[in-house]
Amino acid sequence: MTAVEADPTEVDDGAVIRSSLDEPERFAALFDRYARQVHQYVSRRLGTQLADDIVGETFLIAFRRRETFDPARTLARPWLYGIATTLVARHRRNEERFLRALKRTGADPLPEPVAEAVARQVTAGAQERALAGALARLPRGDRDVLLLVAWADLSYEETAQTLDIPLGTVRSRLHRARRRLREALGGADPTQEDN
């Protein structure tokens, strides 16, 4: 059985993309694998309503650009997050307004159980509002790195690929962002250091 004939859940992303050049419907396997993850990431940044649109646009752009995907890569996740992050940047003003509103209201825009996972990182509603305010004040590059690592659960290497920046830049931006968050939250660190 060739890679193209294999079960799509067992084929690496690069093979799926290559096979979709001849059989476009095969690209749907990437949507099935990653749409929910990308949606959760974008929802945390811009809210659910915009996330629906951005996820659709992310996969449409990826489909149209699939010929440019590096065939040596076996994982499309950083590529997709890169597209989504670029689209989020276009909505940056909305993101900052969203974070300021979250700071004021403390209302979590995500339905359960995703909200439960995030809530474990932030101990109280007041801290969640403080976190939203601190995130809104971070420079865009620092915020992108932090949220890709903490909310999208990308590795440092995947984050570097996603943003097309050196690994050292990921580390320094992440360190700076975490330091600023700790300062804003009175020493609490709502991010995980497991990468």
### Message
Please determine whether the number of non-hydrogen atoms from other residues, nucleotides or ligands lying under 6.0 Å from atom CD of Glu67 exceeds 12.
### Response
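Check fails, neighbour count at 12 or below.
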### Query
If you draw a 6.0 Å radius around CG in Asp164, do more than 12 non-hydrogen atoms from other residues or ligands fall strictly inside?
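For Asp164, atom CG is not crowded (no more than 12 foreign heavy atoms under 6.0 Å).
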### Task
Please assess Arg143 against Arg45 for the test side-chain contact (heavy atoms from CB on, under 4.5 Å), listing each intermediate value before the final yes or no.
CA-CA 10 Å; Arg143 185 172 50 236; Arg45 299 204 59 183; 3.7 Å; yes
### Query
Quick one: salt bridge (charged side-chain N to carboxylate O under 4.0 Å, His left out) pairs with a partner in residues 68-89, sequence neighbours left out?
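Pairs touching residues 68-89 that pass the test: Arg77-Glu158.
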### Query
Which of these, Asp144, Val170, Thr85, Leu174, sits in a side-chain contact (heavy atoms from CB on, under 4.5 Å) with Thr159?
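Single side-chain contact (heavy atoms from CB on, under 4.5 Å) partner of Thr159 among Asp144, Val170, Thr85, Leu174: Val170.
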Under 3.5 Å, sequence neighbours excluded: what are the donor-acceptor pairs made by side chains of residues 49-65?
{"unit_1": "Asp52", "atom_1": "OD1", "unit_2": "His39", "atom_2": "NE2", "d": "2.5"}
{"unit_1": "Thr58", "atom_1": "OG1", "unit_2": "Ile54", "atom_2": "O", "d": "2.7"}

### Message
Tell me if a side-chain donor or acceptor on Arg66 pairs with a main-chain N or O of Ser20 at a distance below 3.5 Å.
### Response
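Checked: pair present.
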### Task
Check for a donor-acceptor pair, side chain of Arg26 on one end and backbone N or O of Val16 on the other, with a separation under 3.5 Å.
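No; zero donor-acceptor contacts below 3.5 Å.
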State the [atom1]-[atom2] distance between [X] and [Y], to the nearest 0.5 angstrom.
X      : Y      : atom1 : atom2 : answer
Thr169 : Arg171 : OG1   : CZ    : 11.0 Å
Gln40  : Gln37  : CD    : CD    : 7.5 Å
Arg178 : Asp142 : CZ    : CG    : 12.0 Å
Glu183 : Leu185 : CD    : CG    : 10.5 Å

#### Entry: Arg18/Asp13 ion pair, N-O < 4.0 Å
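Judged by the 4.0 Å cut-off on N to carboxylate O distance, Arg18 and Asp13 do not form a salt bridge.
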### Query
Considering residues at least two apart in sequence or located in another chain, which fulfil the ring pair (Phe, Tyr, Trp, His ring centres under 6.0 Å) criterion with Tyr81?
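Ring pair (Phe, Tyr, Trp, His ring centres under 6.0 Å) check on Tyr81 returns Tyr41.
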### Query
Is any side-chain heavy atom of Leu147 closer than 4.5 Å to a side-chain heavy atom of Val88?
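No. Closest side-chain heavy atoms not under 4.5 Å.
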#### Entry: From CA spacing to verdict: side-chain contact (heavy atoms from CB on, under 4.5 Å), Ile17, Trp79
CA-CA 12 Å; Ile17 292 171; Trp79 180 58; 3.8 Å; yes
### Hphob cluster co-occupancy, Leu75 + Ile165, side-chain heavy atoms under 4.5 angstrom
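Linked, Leu75 and Ile165 end up in one cluster.
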### Query
Shared ILVMFWY cluster between Leu167 and Leu146, side chains joined below 4.5 angstrom?
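The answer is yes; both residues are in one hydrophobic cluster.
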### Query
Which pair of heavy atoms, one from Pro78 and one from Thr162, lies closest together, and at what distance?
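Looks like O-OG1, 3.1 Å.
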### Task
Please test Leu163 against Leu148 for side-chain contact (heavy atoms from CB on, under 4.5 Å), starting from the C-alpha separation and ending with a verdict.
CA-CA 10 Å; Leu163 299 175; Leu148 285 166; 3.8 Å; yes
